[in-house]
Amino acid sequence: MPPEVRRGFVIFAGLVVVAAVIWAARVEHTPPAEFAFQNGTDPSTIDPHRATGQPEGRIIFELFEGLLRMLPEGDPDPETGLQPMTPQPAMAETYDISGDGKTYTFHLRDGIFWTDGTPVTAHDFAWSWMRMLHPATACEYAYLINEVALAEPFNKSIVEVGDRVEVELWDRPGESPGGEASLQHFPRGTMKYGTLRNIVKPDEPKIAKDASEEKREEITQDWRERWIYEVDVVELESDGSFAADSTATLQRYSVSPDIAQSDDGIQQAHWVLVDFQHFGGAQAIDDKTFVVRLNNSVPYFLNLVAWYPSFPVQKNCVETYGSPMWTKTENIVTNGPFKLQFRRLRDRIRAEKNPDYWNAKNVSFKTVDFVSLESQNTALNMYETGQLHWIYQLPTSVMEDLEVRDDYHSAPKLSVYFYKLNNDVPPLDDIRVRQAISMAIDRKQIVQQVTKGGEQPAYSVVPPGIAGYKGAEGLKENVQRAQQLLAEAGFPQGRGFPKISLLYNTSERHRPVAEVLQQQLQNNLNIKVEIKNMEWGSFVETVQQEKYEMARYGWVGDYPDPNTFLDLWVSDNPQSNTNWSNPEYDGLLKSASGELDPAKRMELLRQAETILATELPIIPIYFYTSAEMAKTNIVGFAPSALDLHPLSVLRFRTDDSQPAKD
């Protein structure tokens, strides 16, 4: 190392020591956990049906467990270093798949318990999948299991005459007719079941042609709330089954309090939904058998079952404490390899080994800390001093020195870094503007001079490395063509183009990328960009409410298939937030979901990606590679394409059980 670099490294190290001391002084002294790692931003929730981010996911994967769990299989690839991960038996000991691939039968193992000592049963999964899909839960991952029978209409509140339906009356605990709604959706009010015979609808409102999309939705929603549902209601037996000789009684319901109060013959209801509980595709046959029926075969369905939104939550806990209070340390009940010990905001979540976990004998760590830490410099110093055992965000200023060390890990990831564009905000609603912005960006400069972690420039959204798939080419950098497109859109040489804001969540990694992009758009298109940062929770809320123009995002594949990157952008997907819609794109994704021929399916997905890479509701920037540091005495740690590192399979070497301190 040249003397100048050595002196710079010493100065850098001194600064991060000071930063680490300041960081540590913010919290009271806590005895160290056996294993601790950098978990990025403070998690916004640990509810499996409300979480969306990686920091939340890492915690949920350890506190909860699904029918299956993503675990290592075999040795890391000798060329890429990637550890193969597959869905493997967890709460379910075995499963059967029908010949047509549409029915999955999961057989739960014996000796599985919640942390309050009660057994985990198939009924917990049936209730949890219902909660995940219920529109009141607003789970952004609900679309993942749309192929489950009746899942999509249940989640989207779609009912038609002739449907078997459920009606939730306006009588949740604390509610009165015409009064305020309970903020808690579970426990639900009195449930009625039957067949929808008619929907009485007032005249459909006429909406002005120049009305905004928001106004259109408001008017349509007001109209739908005034519908009256006529249902042939049947009574249930004490065990919840339908009585064979039950006589149906026609009853009328409306979700509008005004309608219900104006007619004694109409009962106020919270919801009128398809009856997913009794007729949907997720049924508990008995305590040990959970059966899932699909509309179409889904080749990656087992991966979805092993993904955390499909994990169970305990009904009694949720209904007793409500959301989000049920996730507090003193209330939460879980079923994973670890259980929650304490949570300290903006510091850490500590979990301890769950002694009642069915595979506890193979869980090594007694305690683990998920440390809320975004500073790359502080994280590196804490790693070097033995306070952290694994970090995944490394300072680019010392990357060259870290890359040659034995504890450095790098490999390709199924992950993409991109910017969302709000297609409802002029002039970003013009495809020529979006294409101009994309073609004016020099991605090679970003990955070579800013990120410096081996990332690959991205011009489409699906990362390379998925077997059998060749992605779309996308639009490469072409400043001259970008300037022409901007002129065609009415902004020659950028004249008259409004200043646009670029939003990112607070991170040392995101700001320099945004600054380079800001400079490139100024130099190449004369477009002025204002950079804004927000902490993670506020950032997510702002984007979800679509109160942004450009917003930084990243996506790690939930499973190794192009669909995980493409179905984000279908119309009405709650994770899109771009206000972009393309019927042809939607149709290609739908056709692919029902295509049994693998080659034809991949071609349909490639056609869809080509549309996305041409219309550009999002602008891909680069494909991630992992750049991590992990102590050399950790057994079982290796990079994975899905960026999964299950803590339950990690351990320290038995001949050197204490964490290494370099």
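This one's a predicted model, so the numbers in the text were calculated from it and none came from an experiment. As a basis for the values below, the full set of heavy atoms in this structure was taken, side chains included, without hydrogen atoms, waters or symmetry mates.
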Begin with the C-alpha distance, continue with both residues' side-chain angles, and end with the deciding distance and a verdict on side-chain contact (heavy atoms from CB on, under 4.5 Å) for Arg509 and Gln393.
CA-CA 8 Å; Arg509 185 183 185 95; Gln393 292 181 338; 5.6 Å; no

Is it true that a side-chain atom of Thr327 and a backbone atom of Pro324 form a donor plus acceptor pair closer than 3.5 Å?
yes

Counting only heavy atoms not in Glu79, do more than 12 sit closer than 6.0 Å to its CD atom?
no

Between CZ of Phe290 and NE2 of His123, what distance do you get to the nearest 0.5 Å?
11.0 Å

If you measure from the Lys or Arg side-chain nitrogens to the Asp or Glu carboxylate oxygens, is any gap between Asp369 and Arg350 under 4.0 Å?
yes

Aromatic contact, Tyr504 with Phe539 (centres under 6.0 Å):
no

Within the distance-only criterion (no hydrogens, no angle test), does the side chain of Glu34 pair as donor or acceptor with the backbone N or O of Lys366 below 3.5 angstrom?
yes

For Lys288, is there an ion pair with Asp110 - N to carboxylate O distance below 4.0 angstrom?
yes

Take Lys413 and Asp643 through the salt bridge (charged side-chain N to carboxylate O under 4.0 Å, His left out) test and state the conclusion after the steps.
CA-CA 7 Å; Lys413 289 202 304 186; Asp643 201 23; 3.5 Å; yes

Taking Glu374 first and then Arg511, would you say they form a salt bridge - that is, a charged N and a carboxylate O separated by under 4.0 Å?
no

So, does Thr367 use its side chain to make a donor-acceptor pair with the main chain of Ala33 at under 3.5 Å?
no

Phe125 and Phe311: aromatic ring centres closer than 6.0 Å?
no

Between Phe37 and Trp390, does the ring centre distance come in under 6.0 Å?
yes

Could you tell me if the side chain of Met534 sits less than 4.5 Å from the side chain of Asn505, heavy atoms only?
no

Nearest 0.5 angstrom please: Glu455 CD to Tyr417 OH, how far?
10.0 Å

Between Arg50 and Asp47, is there a side-chain N and carboxylate O pair less than 4.0 Å apart?
no

Please tell me whether Trp358 and Phe113 form a close aromatic pair, meaning their ring centres lie under 6.0 Å apart.
no

